[in-house]
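Data block below; observations after.
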Amino acid sequence: MTTFGIYAVGAALLLTIGIRGALRRKHLLRRILALNIIGGGAFLFLVLLGYRESGEAGPDPVPQALVLTGIVVAVSISSFAIVIARRLNARTGRTELPEEGLD
Amino acid sequence: MTLEMLFDMALVGAVVVAAAYAINAPVLIAGVFVYIVFGVLLSLVWVRLGAPDLAIAEAAIGAGITGAIVLDAARQMGMERRRNPRLRRWPGWLSWAATAAVGVIFAGVFLTVSEGRGDLPQRVQAELPRVGVENEVTAVLLSYRGYDTWFEVGVLLVAALGVLALRAPGESPARRFRWDPPAVADGAADMLVPGGILMAGYLLWQGSRGPGGAFQAGAVLAAIAVLLTLLGRPPIARVSDRARDALLVVGFADFLLVGLVAVTLGGALFEYPPAWAAPMILVIESAVAVSVAVTLSLLFAAGGAAGDASEGGVP
Amino acid sequence: MSQLFLGVALLLVLLLVGGLARVLQGPTPHDRLLAAQLFGTTAIAILLLLAESSGAAGVLDVALVLSLLAMVSVVAFISCSRGRGAPE
Amino acid sequence: MSPRDLATVLLLLLAAFFFVAGVLGIVRFPDTLTRLHAVTKADNVGLGLVVFALLFQADSFLAGAKLVLIWILVLIASATSCYLIAGASLLDGDEESG
């Protein structure tokens, strides 16, 4: 297994764990954490695409730049989501979304 | 099997275990702590993959901003709660089968993609002299893909406006953390704050040559502001609302302005003339760093929920 | 020499995974917090070793940022659980 | 092996010992305050030894100064955090053994 393979499997696992968590957990904070873990998996794979095992040219800077903007956007959007969840909690005492019609 | 590979496997294993714990820990606050550790581990991964720019940003955001935001939210939303309910739309075996299928598909697809073989790195290298910076990531961010980064600064602005719009009536950051921090904490902060400001300046200046840049500098500044907010002296409360709004917008506006200057000098938007590129990029980066710092610290400082102050002291 | 650095770094990663048990067990939030604090220091040590073994630029800066901000999460937890809701 | 390398190896092994002790302590010790004690050993001594070990390999004054600075910052942060955690833990009276 190559270095690329090790991290690629890691990215796949992060995406899977995150998707499962986001779909199965009810607590909103956990769901937001799960979304961030999905983001981490996606970022990992993107950076990996620019990784060069060897060679004179260093790692590809383009995916790195994209992921850098991604990290900053992810933190701002997830803190916005957390504020919404906290307002819901303060208004209704809920920590979960209501689920009418789903059961 | 080399030692490098063993290390990479252990690191990936640690990241995956941390991710699984963060979501599935029985007690919410345990999951939140493990999530903070997850961020730190991810920055180790960026170091291993040759992306120190990302590692610095992840470290500053993960250790300084995300941690404070999620801990504050967990306090409000039941940090000691043990029940960790899950949706039970599907029977257990079916959901596990679906999970395994998703995992296999992702792993299969990722593994068929071989390492990038494009010539992008060479092309980035070839154009560097015309951009005026030596750090390739900074060049991509501010020059080659100026639109992306400009809009990203716009996304930050939108998030900040959203948080401000959702603010509880009468809530001010100055009122959120009212306690008597021990003198030790204040003293340590007095030593760390100048260090942080220095570090941000260094990262901003360094960004044209090595790892660093506007986002890293802004994130470090924001983390320092978060620390001060936690200790009951939020920097954001020291400026008027109008000044705060101006600081929020300055990155977005300045980016566009410099881009338009490039147009008047005969290029396309964000196509800086080579002779002027280096100072123009530094001007953009300085303004963006300020806006990132104010936005990220505001996301924490103004992120409290309505009625927080009346909730009583029992967590 | 660089193999030794990497070996010690590997040991530290494994220790970190083992220590996660304390974050999960608690029993009090302070125990969990303490473990998280230890992981911050461990990560800084790993970064120093990686910086030396790879010689890549900027790795020390990552460690510098982490050490500057090592206190923030702890202060956040303590002030969130203790500093709130003081009567007006 | 030059004397400098030898010093690095010995100091690193000692550092590894302190980190192992710290983690063992945090997993095995019975209550918050004893665990705190274990953590501070790993924090301050373990990282300090790593820094000293690497100082023997530092190739420029700047890199060495950065290493020492990192250690000093961790000392400040660790002392403060442990003080805060100990204080909060005593105030909460959470002495239930784990």
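Values reported hereafter were calculated over all heavy atoms of this structure, with side chains retained and with hydrogens, waters and symmetry mates removed. Residue numbering restarts at 1 for every chain, and letters A, B, ... go by the order of the sequence lines.
Options B:A98, B:G162, B:A22, B:A107 differ in how many heavy-atom pairs under 4.5 Å they form with chain A, and the most are formed by B:G162. Of the listed residues (A:L13, A:L44, A:I32), the greatest number of heavy-atom pairs within a distance under 4.5 Å of chain B belongs to A:L44. Per-residue heavy-atom pair counts under 4.5 Å with chain B were compared for A:I84, A:T3, A:V62, A:I77, and the maximum is reached by A:V62. Listed options A:V67, A:L28, A:V47 were ranked by heavy-atom pairs under 4.5 angstrom with chain B; first place goes to A:V47. Comparing B:T149, B:L54, B:V32, B:I69 by how many heavy-atom pairs each has under 4.5 Å with chain A, the most go to B:L54. Of the listed residues B:A51, B:G108, B:A160, B:A100, the one with more heavy-atom pairs under 4.5 angstrom with chain A than any other is B:A51.
For B:Y144, no part lies near chain A; criterion is any non-hydrogen pair under 4.5 Å. With a threshold of 4.5 angstrom between heavy atoms, A:I82 approaches chain B through side-chain atoms but not through N, CA, C or O. Proximity to chain A is limited to the side chain of B:D148, based on heavy atoms less than 4.5 angstrom apart. Of the atoms belonging to B:S95, heavy atoms from both backbone and side chain fall under 4.5 Å from chain A. Heavy atoms closer than 4.5 Å to chain B are found in the side chain of A:F45, but not in its backbone. Within the 4.5 angstrom heavy-atom criterion, no atom of B:V158 approaches chain A. For B:R145, the part lying under 4.5 angstrom from a heavy atom of chain A is the side chain only. With a 4.5 angstrom heavy-atom cutoff, B:Q216 touches chain A only via side-chain atoms.
Closest approach of A:V72 to B:E152, counting heavy atoms only: CB-OE2, 3.2 Å. Of all non-hydrogen atoms in B:V70 and A:L29, the two that sit nearest each other are O-CD2, 4.1 Å. Residues A:Y7 and B:R48 share a closest heavy-atom pair of OH-CB, 3.4 Å. Considering all non-hydrogen atoms of both residues, B:I23 and A:G18 come closest at CD1-CA, 4.2 Å. The heavy-atom pair separating B:A19 from A:I37 by the smallest distance is O-CD1, 3.6 Å. In this structure, B:G103 and A:A12 approach most closely via the heavy-atom pair O-CB, 4.3 Å.
Within the 4.5 Å cutoff, no side-chain heavy atoms of B:F38 are placed close to those of A:L33. Residues B:Y35 and A:R30 are not in side-chain contact: their nearest non-hydrogen atoms beyond the backbone lie 4.5 Å or more apart. In this structure, A:R86 and B:D72 have side chains that are in contact, with non-hydrogen atoms separated by less than 4.5 Å.
Taken to the nearest 0.5 Å, the CH2 atom of B:W46 stands 6.0 Å off from the CD1 atom of A:I71. Rounding to the nearest 0.5 angstrom, the gap separating the CZ atom in A:R25 from the CG atom in B:L28 is 11.0 Å. For the atom pair A:S76 OG and B:I65 CD1, the distance stands at 10.5 Å (nearest 0.5 Å). Rounding to the nearest 0.5 angstrom, the gap separating the CG atom in B:L49 from the CG atom in A:L46 is 12.0 Å. Here CG of A:L66 is found 8.0 Å from CG of B:L141. Values are rounded to the nearest 0.5 Å. Taking CG from B:L161 and CZ from A:F80, the interatomic distance works out to 9.5 Å, rounded to the nearest 0.5 Å.
Judged by distance alone, the side chains of B:D53 and A:Q64 never bring a donor and an acceptor atom under 3.5 Å apart.
No option in B:V16, B:I105, B:T99 other than B:T99 meets the side-chain contact (heavy atoms from CB on, under 4.5 Å) test with A:T16.
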